[in-house]
Amino acid sequence: MSVPRRGGRPLARAFYDRATLDVARDLLGKVLVHRTADGTAAGLIVETEAYVGESDPACHAAPGPTRRNAPLYGEPGHAYVYFTYGMHCLFYAVTERRGFPAAVLVRAIEPIEGEALMRRRRGRPHLAPHDVGRGPGNLARALGITLAENRADLTRAPARGPALWIEDRGTRVGDIGWTARIGIRVGTELAWRCFVVGSRAVSGSRSVASSE
DNA sequence: CGTTCGATGCACT
DNA sequence: GTGCATCGAACGT
C-alpha cells in the first residue's frame, strides 16, 4: 500500500449512510484517530466486520431495541462502543439510515501516529508494531476508546479538544479478503468480515489469514 | 504451531 | 443468574 500523507478531514455522514458491507470494505485503508488530553493516536484500519439489522442473528440488534444497543438505531456516523467480558471495549461505526440498526466493527489497525502512547496504554512496551492494534479489544485499549466514547459523533473534529473520527489520508490498500466473522456463535454462514490481505496486524489465526 | 481456560462487569430476561 | 462480537497465559504437539 502507498505511503500515507497527513492531514485528512473526518469522513462525511454520507459515507456511513450506505449499505454496511460497502462501508466495511471502504473503511479498509482509512485512519481511525482519537485525540485526548494524553495526545493523539491513530491507526490504519486493516480489518472490519459488518453487523446488519435485526435479521442478522449475530447483530446486537437481533433481540430488538434495548437500552444497550440504542446507538445502532441512531444516526449513522456515530460511535457504538460495546463493553464485553468484563474488561474489553469494542469500537463500531454506526451505518445505514436512522432507525435501521447496523454497524461496522473495527477489528485491527496498524499504528500510524502516537505509537508510544498506544504502547503505554496497552501496558506492554515490547509488543511488535503489528500487535499494538491487533484485535478489537486491543485496538480500543491502545486508542483509549472506552464507554465514554459511546455515541460520539465521528464526523466532527474540532481544532482542539478531545475528538474521535475516521479520515482518509489517501492510503490505497491492496487485495481484500472476505471470511466469516470471528468470535460469534450464530450467523457464521455469512462472510461479512473483510481484511487487507498480507497485513500482519489482521487478527485471527495467522496461518489461516495468510492463506486467504 | 495448536487448544484450553480464567479473568471480570454489565445488560438483559 | 446467564452469557458474552476478548485476551493472554499455560500447556500440548
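Within every chain, numbering begins at 1; the chains are lettered A, B, ... in the order of the sequence lines, protein sequences first and strands thereafter.
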Establish, with yes or no, whether the OP1 or OP2 oxygen of [N] is under 4.0 angstrom from a side-chain nitrogen or oxygen of [X].
| X | N | result |
| --- | --- | --- |
| A/Arg141 | C/dC7 | no |
| A/Arg124 | C/dA9 | yes |
| A/His60 | C/dA5 | yes |
| A/Arg134 | C/dT6 | no |
| A/Thr66 | B/dC12 | yes |
| A/Asn69 | B/dC12 | no |

Let me know the distance between [atom1] of [X] and [atom2] of [N], rounded to the nearest Å.
| X | N | atom1 | atom2 | answer |
| --- | --- | --- | --- | --- |
| A/Arg185 | C/dT2 | CZ | P | 16 Å |
| A/Asn150 | B/dA11 | CG | P | 11 Å |
| A/Ile184 | C/dC4 | CD1 | P | 11 Å |
| A/Arg122 | C/dT6 | CZ | P | 14 Å |
| A/Leu139 | C/dC7 | CG | P | 8 Å |
| A/Phe91 | C/dT6 | CZ | C1' | 18 Å |
| A/Tyr82 | B/dC10 | OH | C1' | 9 Å |

Worksheet item: So, for A/Ala157 and A/Arg35, which heavy atoms are closest and what is the spacing to 0.1 Å?
Response: C-NH2, 4.5 Å
Worksheet item: Does the gap between the ring centers of A/Tyr82 and A/His60 come in under 6.0 Å?
Response: yes
Given [options], which nucleotide is nearest the side-chain atoms of [X]?
| X | options | answer |
| --- | --- | --- |
| A/Arg67 | B/dA11, B/dT8, C/dC7 | B/dA11 |
| A/Leu90 | B/dA11, C/dA5, B/dT13 | C/dA5 |
| A/Pro63 | B/dT13, B/dC12, B/dA7 | B/dT13 |
| A/Phe83 | B/dA7, C/dG8, B/dG9 | B/dG9 |

Worksheet item: Any Lys/Arg nitrogen of A/Glu113 or A/Arg169 sitting under 4.0 Å from an Asp/Glu carboxylate oxygen of the other?
Response: yes
Worksheet item: Is it true that A/Arg18 and A/Glu96 have a side-chain N and a carboxylate O under 4.0 angstrom from each other?
Response: no
Item to complete: May I ask you to say what A/Leu105 touches in the nucleic acid, namely base, sugar-phosphate or nothing, with a heavy-atom cut-off under 4.0 Å?
Response: base
Worksheet item: How would you label the contact of A/Tyr51 with the nucleic acid (heavy atoms, under 4.0 Å): base, sugar-phosphate, or nothing?
Response: base
Response to the item:
Of A/Arg134, A/Met118, A/Glu47, the one forming a side-chain contact (heavy atoms from CB on, under 4.5 Å) with A/Ile109 is A/Met118
Worksheet item: Which of these passes side-chain contact (heavy atoms from CB on, under 4.5 Å) with A/Leu11: A/Leu27, A/Leu154, A/Thr155?
Response: A/Leu27
Worksheet entry | Secondary-structure string, 5' to 3', Watson-Crick or G-U under 3.5 Å, | for another-strand partners, for DNA chain B | |||||||.||||.
Worksheet item: For A/Arg68 and A/Gly86, take the nucleotide of DNA chain B holding the closest heavy atom to each; which residue's nucleotide lies nearer the 5' end?
Response: A/Gly86
Worksheet, complete the sentence: Judged by nearest nucleotide, the residue sitting upstream toward the 5' end of DNA chain B, A/His88 or A/Leu147, is A/His88
Worksheet item: Is a side-chain donor or acceptor of A/Arg193 paired with a backbone partner of A/Arg181 at a separation under 3.5 angstrom?
Response: no
Worksheet item: What class does the angle between the rings of A/Tyr80 and A/Tyr92 fall in, given that below 30° is parallel, 30 to 60° is tilted and above 60° is perpendicular?
Response: tilted
Worksheet item: When only distance counts, do a donor and an acceptor, one from the side chain of A/Tyr85 and one from the base of B/dA7, lie under 3.5 Å apart?
Response: no
